[in-house]
Protein chains: 2
Amino acid sequence: MTTVETDESFGGVTPDAARRLLLGAVQAFAERGFHATTTRDIAGRAGMSPAALYIHYKTKEELLFHISRVGHERSVAVLTEAAQSTGATRRAGGGAREESTGGSAPRLARAVRAFVRWHAEHHTTARVVQYELAALDAEHYEHIVALRRRSEEILRGVLEDGVATGEFDIADIRGTALAVMSLCIDVARWFSPEGRRTPDEIGALYADLALRMAGHRA
Amino acid sequence: MTTVETDESFGGVTPDAARRLLLGAVQAFAERGFHATTTRDIAGRAGMSPAALYIHYKTKEELLFHISRVGHERSVAVLTEAAQSTGATRRAGGGAREESTGGSAPRLARAVRAFVRWHAEHHTTARVVQYELAALDAEHYEHIVALRRRSEEILRGVLEDGVATGEFDIADIRGTALAVMSLCIDVARWFSPEGRRTPDEIGALYADLALRMAGHRA
DNA sequence: GTCTATAACAGGATAGAC
DNA sequence: GTCTATCCTGTTATAGAC
């Protein structure tokens with residue numbers, strides 16, 4: 001949770017050189033975009049010659065895929081954990097669901113807050129993850145799209161639960177879930193550590209906005 | 001308002017060749033991004049040789065700037081018009097404002113609906129306008145940022161008015177305005193004409209969501 | 001205004017020494 | 001595993017004929 005984001009997301013990557021390359025690539029891609037970034041730039045940031053890059057990654061695109069994959073996995077994990085009921089959730093007979101501890105409202109609030117925090121704290125990674133997908137090759141792109149669908153489904157599930165229990169009042173669940181996702185994702189585009197709000201403050205504000213969007217009766 | 005967006009935004013551009021280049025560039029930039037687009041590609045789409053491009057635009061970046069400028073001007077105009085009171089708005093003594101015809105709630109709804117519609121209907125242009133700014137040179141970038149601030153201020157103004165009249169209940173006006181902008185802008189990222197909703201349906205949904213975010217008492 | 005041809009150069013990826 | 005040197009392709013932008 002450093003403010004000068006050195007992004008611990010890739011802390012566990014094995015050869016030290018590979019990790020440095022990943023970190024350099026994330027920064028370069030976030031600043032300039034994938035296509036405007038040269039392999040010389042990436043290698044330079046990692047303190048290596050351009051050639052050394054190819055020992056660890058077959059192409060520049062593979063580097064992007066690695067970043068995208070790990071980034072998406074992290075953000076899905078953050079969302080999944082936060083969206084869980086604190087106790088267990090059991091399905092009741094007719095398809096409606098009973099909550100044991102956390103109702104849908106706190107689950108939604110926790111999910112949005114955590115997801116937004118992740119996008120703000122890791123805005124460098126998140127920017128690459130969210131806005132450079134088009135540069136992936138077809139196969140890698142499909143892999144990532146599958147991960148993205150998971151996030152959407154998780155969020156939609158929380159909204160569905162809340163409507164079923166009467167906590168939420170939503171006309172268009174799918175559309176609202178998409179809108180809440182939009183809101184969270186867009187944080188990566190504009191967030192700056194120099195801005196007037198901390199990641200957690202934005203998370204708290206957005207959690208409140210999401211509850212309002214869900215028609216939560218305060 | 002064609003579904004197969006041929007984007008009338010640039011209909012008035014004077015030499016026919018210049019307009020075709022602009023249109024080709026918008027499509028190419030939206031599909032591949034600025035840096036991944038070649039001048040050959042743009043010229044090809046306009047039915048010209050690469051060299052002909054430089055008669056009409058000094059550089060590829062100038063083409064992007066032109067698109068960005070016109071696009072921003074259009075979207076600001078759309079937002080401004082929609083956010084106006086239908087009658088005149090007069091300031092009352094203490095800084096609070098009286099509405100004559102349209103209250104703040106319908107103004108917010110109209111503004112969001114129109115802004116979202118624009119981003120959906122012109123999603124090709126909008127994508128370039130919103131996501132390729134980083135490729136502009138410093139001077140051009142500043143020009144565009146000034147236009148963007150205008151949009152934010154317009155939206156914030158509507159929220160402030162609504163809070164002053166008691167129509168809205170907002171703790172953090174600036175943050176909420178930013179969030180509503182986010183929501184609208186992000187439409188350009190994911191909208192597809194093949195999707196299940198029309199631009200106007202999305203606009204209507206988002207207008208409702210914005211009212212909820214603003215704490216409008218229905 | 002548009003074309004063909006080309007200058008001038010940058011960038012991804014590899015070869016081969018160490 | 002890393003370096004230096006380099007290949008080779010593709011790119012922006014210009015020159016000069018029509």
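Every value quoted in this text rests on a predicted model; they were computed, and no experiment measured them. Below, chains carry the letters A, B, ... as their sequence lines are ordered, and counting in each starts from 1.
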Enquirer: Please report, rounded to the nearest Å, how far the P atom of dA13(C) is from the CD1 atom of Ile55(A).
Expert: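 Computing the Ile55(A):CD1 to dA13(C):P distance gives 14 Å.
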
Enquirer: Closest approach of Ile42(B) and Lys60(B), non-hydrogen atoms and distance?
Expert: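 In terms of heavy atoms, the two residues are closest at CD1-CG, 4.4 Å.
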
Enquirer: Run Arg196(B) and Arg174(A) through side chain to side chain contact (heavy atoms under 4.5 Å, CB included) and show every step you take.
Expert: CA-CA 11 Å; Arg196(B) 63 186 81 202; Arg174(A) 183 178 216 103; 3.5 Å; yes

Enquirer: For residues 138-161 of chain B, pull every pair meeting ring pair (Phe, Tyr, Trp, His ring centres under 6.0 Å), keeping only residues two or more places apart or in separate chains.
Expert: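 Qualifying pairs, neighbours excluded: Phe65(B)-His140(B), Phe65(B)-His143(B).
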
Enquirer: Using a cut-off of strictly less than 4.0 Å, decide whether His56(A) has a side-chain nitrogen or oxygen near OP1 or OP2 of dT2(D).
Expert: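 His56(A) to dT2(D) OP1/OP2: side-chain N or O found under 4.0 Å.
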
Enquirer: Return the angle between end axes of the helix from dG1(C)-dC18(D) to dC18(C)-dG1(D), with five pairs used per end and rounding to 10°.
Expert: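 End axes: 0° apart.
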
Enquirer: What protein N or O atoms touch nucleotides 15-18 of chain D N or O atoms at under 3.5 angstrom, if any, and at what distances?
Expert:
none

Enquirer: Quickly work out the Ile42(B) CD1 to dA13(D) P distance and round it to whole Å.
Expert: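 In whole Å, dA13(D) P and Ile42(B) CD1 are 10 Å from each other.
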
Enquirer: Do Phe191(B) and Pro199(B) come within less than 4.5 Å of each other through their side chains, counting heavy atoms only?
Expert: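 Counting from C-beta outward, Phe191(B) and Pro199(B) do come under 4.5 Å.
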
Enquirer: Provide, to the nearest angstrom, the distance between the OH atom belonging to Tyr54(B) and the C1' atom belonging to dA7(C).
Expert: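 Atom OH in Tyr54(B) sits about 13 Å away from atom C1' in dA7(C).
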
Enquirer: Report the nucleotide, chosen from dT2(D), dT2(C), dC3(C), that has the shortest atom-to-atom distance to any side-chain atom of Ala17(B).
Expert: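 Nearest nucleotide to the side chain: dT2(C).
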
Enquirer: Keeping the roles fixed (side chain from Arg117(B), backbone from Asp200(B)), state whether a donor-acceptor pair exists under 3.5 Å.
Expert: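 Not at all, since once roles are kept as given, no pair shorter than 3.5 Å links the two residues.
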
Enquirer: If the cut-off is 4.0 Å, is Thr39(B) near the phosphate of dT12(D), judged by side-chain N/O to OP1 or OP2?
Expert: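 For Thr39(B), the contact criterion (side-chain N or O under 4.0 Å from OP1 or OP2 of dT12(D)) is met.
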
Enquirer: Distance check needed: dT12(D) P versus His35(B) NE2, whole Å only.
Expert: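 Taking atom P of dT12(D) as the reference, NE2 of His35(B) is at 11 Å.
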
Enquirer: Using a 4.0 Å cut-off on heavy atoms, which residues in residues 59-68 of chain B reach DNA chain D? List them by number, or say none.
Expert: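 Thr59(B), Lys60(B), in order of number.
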
Enquirer: Is the closest basic N to carboxylate O distance between Lys58(B) and Glu62(B) below 4.0 Å?
Expert: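 Salt bridge absent between Lys58(B) and Glu62(B).
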
Enquirer: Checking the side chain of Arg197(A) only, and the main-chain atoms of Ile202(A) only, is there a donor and an acceptor separated by less than 3.5 Å?
Expert: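 Looks like no, no N/O pair under 3.5 Å.
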
Enquirer: Would you please name every residue forming a side chain to side chain donor-acceptor pair (under 3.5 Å) with Ser182(A), sequence neighbours left out?
Expert: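 Counting only residues at least two positions away or on another chain, Ser182(A) forms a side chain to side chain donor-acceptor pair (under 3.5 Å) with Asp186(B), Trp190(B).
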
Enquirer: May I have the step-by-step check of side chain to side chain contact (heavy atoms under 4.5 Å, CB included) for Phe168(B) and Thr176(B), ending in yes or no?
Expert: CA-CA 11 Å; Phe168(B) 295 154; Thr176(B) 303; over 6 Å; no

Enquirer: DNA chain C: Thr38(A) or Pro50(B), which has the more 5' nearest nucleotide?
Expert: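 Nearest-nucleotide comparison on DNA chain C picks Pro50(B).
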
Enquirer: Starting at CE of Met48(B) and ending at C1' of dG1(C), how long is that distance when rounded to a whole Å?
Expert: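 My rounded result for the distance is 10 Å.
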
Enquirer: Please evaluate the base of dG12(C) for a donor-acceptor partner in the side chain of Arg40(A) within a cut-off of under 3.5 Å?
Expert: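 Side chain to base: pair found, below 3.5 Å.
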
Enquirer: By nearest atom, which of the nucleotides dT14(D), dC3(D), dT2(C) is closest to the Ser49(A) side chain?
Expert: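 Of the candidates, dC3(D) comes closest.
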
Enquirer: May I have the distance from Leu53(B) (atom CG) to dT4(C) (atom P), rounded to whole angstrom?
Expert: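 My rounded result for the distance is 15 Å.
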
Enquirer: Could you check how far CZ of Phe29(A) sits from P of dG11(C), rounded to whole Å?
Expert: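 Rounded to the whole Å, the gap is 14 Å.
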
Enquirer: Of all heavy-atom pairs between Val128(B) and Ala30(B), which one has the smallest distance, and what is that distance?
Expert: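 Smallest interatomic distance, heavy atoms only, reads CG2-N, 3.6 Å.
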
Enquirer: Going by the angle between their ring planes, with limits at 30° and 60°, are His119(A) and Phe115(A) parallel, tilted or perpendicular?
Expert: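 Geometry flag for Phe115(A) against His119(A): perpendicular rings.
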
Enquirer: Going by the rule side chain to side chain donor-acceptor pair (under 3.5 Å), which residues pair with Arg69(A) if we only count those two or more places apart in sequence or in a different chain?
Expert: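 Arg69(A) satisfies side chain to side chain donor-acceptor pair (under 3.5 Å) with Glu73(A) only.
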
Enquirer: Rounded to whole Å, how long is the line connecting atom CG of Leu21(B) with atom P of dG1(C)?
Expert: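 Rounding to the nearest Å, CG of Leu21(B) and P of dG1(C) are 12 Å apart.
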
